[in-house]
Amino acid sequence: MRKRAGTRPELLQQTAAGIPFKRASRRIELTGQSLDTEQLGFQVGCLTPIDVLGPYGRILARALTLHQYLQQGIGLYRSIVTGQTVWLSANGNRVRVNLMAPWTLSPGDCQARLNFLAITIANIRRFTGPLWSPSELCFGFNPREPLPMDVFGDSLLVYRPGRTYFEFPRTLLHLRARNSKMRPPPGPADLPEPLPSDLAGLVELQIASLLSGRAPPVDLIAESLGTSRRSLQRGLAQQGISYTDLLTKVRLRRAAEWLERSEKPDRRSDMPTA
């Protein structure tokens with residue numbers, strides 16, 4: 001299944017490494033096919049509480065209001081995903097949570113979107129209560145299997161190619177989390193940096209994720225970014241930098257960090273005595 005999805009094992013062994021979103025979607029699609037379902041993403045989303053989302057879940061769990069939760073969630077999404085975009089917009093007296101990608105949706109993409117919707121709606125109910133449902137829910141695809149309406153409730157369901165969003169009244173934004181312990185809200189230092197938007201930044205990030213002793217081959221980095229070796233090198237050259245330059249930069253930063261963490265030796269004992 002991994003080979004059919006086109007993902008190398010080296011990438012899956014490093015939790016900090018990125019893989020092309022479309023290949024991740026392909027893997028979801030193949031897993032769903034093996035289980036004879038097109039709702040794997042939805043089913044996983046329904047069974048994913050906020051406390052199993054790792055450091056991202058811990059940050060979101062500290063949001064005091066629904067508005068803060070949505071803002072921080074979008075910021076976190078941008079720190080782990082490029083290409084696909086999440087943003088808020090206004091539609092009259094409603095707020096719209098949008099999800100869009102600049103490519104034609106595959107079955108795996110559809111499952112990923114169902115996963116996003118299931119997790120997001122479940123966590124909004126931490127503020128609104130368990131009976132809340134979106135006013136309107138739009139799929140950018142037409143689900144082939146009936147969706148369990150106990151999750152989407154009485155939402156108005158619409159289908160518009162390429163567009164996925166849901167809406168709720170603007171007045172809900174001020175709602176505070178229910179049954180939550182009083183914890184300080186996350187500050188700017190708690191939130192991860194967004195993913196780089198330029199090729200050199202993405203390559204440097206991948207090198208740092210995969211560097212362990214031996215240098216990661218340029219072919220592996222190129223594949224992890226969904227491009228070819230030649231295209232990657234050409235793109236870096238246009239930015240005035242090479243793969244070797246970025247590898248050296250990462251190694252030097254690692255060395256500096258190691259020296260900073262290490263205890264400085266007391267060289268006074270090496271000094272000659274009279």
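In this text, all values refer to a predicted model and were calculated from it rather than measured experimentally.
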I'd like to know if the side chain of [X] pairs up with that of [Y] as donor and acceptor (distance under 3.5 Å, no hydrogens or angles considered).
{"X": "Arg126", "Y": "Tyr69", "result": "no"}
{"X": "Asp245", "Y": "Thr248", "result": "no"}
{"X": "Asn98", "Y": "Thr164", "result": "no"}

About how many Å separate [atom2] of [Y] and [atom1] of [X], when rounded to the nearest 0.5 Å?
{"X": "Leu114", "Y": "Phe116", "atom1": "CG", "atom2": "CZ", "value": "11.5 Å"}
{"X": "Phe166", "Y": "Ile121", "atom1": "CZ", "atom2": "CD1", "value": "5.5 Å"}
{"X": "Leu172", "Y": "Leu66", "atom1": "CG", "atom2": "CG", "value": "6.5 Å"}
{"X": "Gln72", "Y": "Thr65", "atom1": "CD", "atom2": "OG1", "value": "8.5 Å"}
{"X": "Leu175", "Y": "Leu64", "atom1": "CG", "atom2": "CG", "value": "13.0 Å"}
{"X": "Leu70", "Y": "Thr120", "atom1": "CG", "atom2": "OG1", "value": "8.5 Å"}

Examine distances only and state if a side-chain atom of [X] and a backbone atom of [Y] form a donor-acceptor pair shorter than 3.5 Å.
{"X": "Gln239", "Y": "Ala200", "result": "yes"}
{"X": "Arg178", "Y": "Thr128", "result": "yes"}
{"X": "Arg229", "Y": "Leu220", "result": "no"}
{"X": "Asp198", "Y": "Gly201", "result": "yes"}

Using side-chain heavy atoms (C-beta onward) and a distance below 4.5 Å, is [X] in contact with [Y]?
{"X": "Val203", "Y": "Leu232", "result": "yes"}
{"X": "Thr171", "Y": "Asn93", "result": "no"}
{"X": "Leu205", "Y": "Ile207", "result": "no"}
{"X": "Gln206", "Y": "Pro216", "result": "no"}
{"X": "Leu246", "Y": "Ile241", "result": "yes"}
{"X": "Phe168", "Y": "Trp132", "result": "yes"}
{"X": "Val97", "Y": "Trp87", "result": "no"}

Item to check | For Arg253, all residues meeting salt bridge (charged side-chain N to carboxylate O under 4.0 Å, His left out), sequence neighbours excluded | outcome: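 Arg253: salt bridge (charged side-chain N to carboxylate O under 4.0 Å, His left out) contacts with Glu204.
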Please give me the minimum heavy-atom distance between [X] and [Y], naming the atom from each residue.
{"X": "Leu88", "Y": "Ile74", "answer": "CG-CD1, 3.6 Å"}
{"X": "Ser155", "Y": "Leu137", "answer": "CB-CB, 4.3 Å"}
{"X": "Val95", "Y": "Arg170", "answer": "CG2-CA, 3.9 Å"}
{"X": "Tyr165", "Y": "Arg160", "answer": "OH-NH1, 2.6 Å"}
{"X": "Asp154", "Y": "Ser133", "answer": "OD1-CB, 3.6 Å"}
{"X": "Arg163", "Y": "Cys138", "answer": "O-SG, 3.4 Å"}

Checklist entry - Is Leu156 reachable from Leu117 through a run of I, L, V, M, F, W or Y residues, each pair having side-chain heavy atoms under 4.5 Å apart? => result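 No; Leu156 is not reachable from Leu117 via cluster members.
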Next on the checklist: For a side chain to side chain contact (heavy atoms under 4.5 Å, CB included) check, start with the C-alpha distance between Leu247 and Leu211, then their side-chain angles and the critical distance, and finish with the verdict.
Outcome noted: CA-CA 9 Å; Leu247 178 60; Leu211 180 62; 4.3 Å; yes
